[in-house]
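We count ligands from 1, going down the list as the structure has it; atoms in each ligand are counted the same way. Only a predicted model underlies this, so the values are computations on that prediction, with no experimental measurement involved.
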Amino acid sequence: MTMEGRARPERAWWKEAIVYQIYPRSFFDASGDGVGDLAGVLAKLDYLQALGVDAVWLSPIYRSPGADHGYDVSDYREIDPQFGTMADFERLVREADARGIRLVLDLVVNHTSDEHPWFYASRQGIVPYRDFYIWRTGKNGGLPNRWRSVFGGPAWTYVPERNAYYLHLFSPKQPDLNWDLPAVRQEVYRLMRFWLEKGVAGFRMDVINAIGKPELDDETDAVGFERVINHPKAFRYLEEMYEAVLKGADLLTVGETPGVTPEHAWRYAALGRGPLGMIFPFEHMTVDIGATKWEPAPFDVVRWKRVLFRWQTKLEGRAWPALYLGNHDQPRPVSRFGDDGEYRVAAAKLLAALLLLQKGTPFVYQGEEIGMTNVRFPSIDDYRDIETLNFYREGRERGVAEETLMAAIHRMSRDNARTPMQWSAGKNAGFTSGTPWIRVNPNYREINVEAAWADPESVLHFYRALIALRKRVPALVYGRLVPLCPDDPAVIAFLREDEAGPWLVALNLSPVPTTWPLPRPIAGRPMVRVLDNRHRPPAYWDPATPIPVAWGDGEAAAFAEVGGGKAAGGPEIGAPGERPPERGGHGAGPSTFAGEGRRETPVGAAGPDGKQTAADVRRGSWEVERPEAFRLGPYEARVYRMAPPGHRRRRPGEGDG
Ligand code: NOJ
């Protein structure tokens, strides 16, 4: 089948949404016990609304012994007491809804906790739970096979009561469910319905491409997970789940799917046909690692953008992309792909433009919007992540030097993303009044939400401007992405285009200035700079701030405003001010901020009150450029609205016709 003639993707709320991932234990602690909670999320809803967030994906909040911080569930229908109560959850759904924010839950059903009642029953051989998990007897006095688990050690653990081993692709505290058993699948569908009835808007599905297990007679000593993923059974079970639960419901579904190719996306998330709405790619997160995540490989911009662009072009017309640069399992993107020193602010903004201006649904991980960085705790005792701790212990047992292990941990540990959200320069970064479960990153005095909110040139306000821009310009959501300059060693550039004409994004992902000769036919075409990461970002969240969309004649362009009325995202949301919106804190919600503080000025505009009016725009205060080349500074990012292909300058005396 060719791409020609394929229908444009149908509009859907989750394609237009900005999703914000919350790792609840590190977000905001309202109770003061040192662990973030649901009341903490509630307290920050106004902040999320002001950012422009449409949906929140909550990492697991179910009851859990916490061996993998909630990715080991012992009761799927209860809220873990650390996070609050079911009443807190129901309130959160309501209050989020009142702000136009939907909640997406993490569905962790490849495995449960070994403390789940199903597992207790299974290990005793009690029917009907006996075969809920994957049990095998040992072979030749040893394990059923030689697979290793993702977190180190064998993928099998022996249980004397059954005189058998159970499979756990992750830790022994995370036994894998036996999806071949129809009763297991029915249990999962039931628990999904339970949460849908509470008003959740979808699911992020943890390692969902591992649910279909192959025969287990594999003789290799591979990481078991890698032998399991993308088995045809996984696809079959997802199809069944779709029929049983998802069909007809207007949900956001995204599979966490390590080891997938674009071709897998065509199946799992085929437009309008696949069992899932989207899948998370991993390929772009592997370009800077060796055989394992702990071994570094040099980060190469050309290699990276080849991967990014291949996914974009292969998915065009066939599957809707899910975009992310970081999450709770990955290092901080600004440290990993950008620069967390001298150019931190510019690099974080550049990565924001890359994340938010590609085609697909962007997932922003908490703290990215203020450019939070990796952490370098001096001692292993400061780390909490099971994967990190196992890596360290096994390394020491093998005699690897402490410095070598710590260097790898500083670079790749999942705890880089799990240090508490930095709200203020106050005690514990404003995260908790108690003792935080993991130390805060010492750079919180400089990098925090309060400081970012007060600074109109912060990463945070750049995110707000980008998000608002994306919401007002259909081409930035649904327009095709056309890659440019695939071989340039520093510049990532692309077009987004629909019938209304192209947008140009140019990003210098390097600390050295570079000249990028614009390729034909873009070179010399009239264009207007709509946003860049060197100047104060225009207030696109303010509906009075115009965005150039239509080209007129003469040297100056005439513009019509996109949208009009309120920018998507609900009530007036404020300009930068001293304090970010906070419930019960400093004023009662976003309306407090509407119209307060300084008015923002679009780049190139100069109204008397510092605000560009539609009349200014008509007078041509947008500067029209006809560049042949861009000279881009370190980590410079620019976004342009270009004249549509048919545009030409009218000659003097030429009439309207
Ligand atoms: C992927 C999750 O994102 C990660 O945090 C977890 O450890 C594994 N799946 C196992 O559930």
Among pairs that include at least one residue of residues 207-217, which meet salt bridge (Lys or Arg N to Asp or Glu O under 4.0 Å), considering only residues two or more places apart or in two chains?
Asp176-Lys213
How far is atom 11 (O) of ligand 1 from its nearest protein heavy atom, and which residue and atom name does that atom have?
Asp206 OD2, 2.7 Å
Salt bridge or not for Lys173 and Asp72, using N-O below 4.0 Å?
no
Atoms in ligand 1 with a heavy atom of His111 nearer than 4.0 Å:
10 (C), 11 (O)
Would you mind checking which non-hydrogen protein atom is closest to atom 7 (O) of ligand 1, with the distance to 0.1 Å?
Asp68 OD2, 2.4 Å
Does Arg414 come within less than 4.0 Å of ligand 1, judged by its heavy atoms?
yes
Quick one: list whatever passes side-chain hydrogen bond (donor to acceptor under 3.5 Å, both in side chains) with Ser31, sequence neighbours left out.
Asp29, Asp33, Asp37
Starting from atom 8 (C) of ligand 1, what is the nearest protein heavy atom, named by residue and atom, and what distance separates them?
Phe170 CE2, 3.8 Å
Would Asp300 and Arg306 pass as an ion pair if we require N to O under 4.0 Å?
no
Have a look at Phe363 and tell me which of Trp14, Phe280, Tyr20 forms a ring pair (Phe, Tyr, Trp, His ring centres under 6.0 Å) with it.
Phe280
closest protein heavy atom to atom 3 (O) of ligand 1 is Asp329 OD2, 2.4 Å
Heavy-atom contacts under 4.0 Å between Met205 and ligand 1: side chain, backbone, both, or neither?
neither
Compute the centroid of each ring, for Phe119 and then for Tyr166, and state whether the two points are separated by less than 6.0 Å.
yes
Arg204 heavy atom under 4.0 Å from ligand 1
yes
Heavy atoms only, cut-off 4.0 Å: how does Glu256 contact ligand 1, side chain, backbone, both, or neither?
side chain
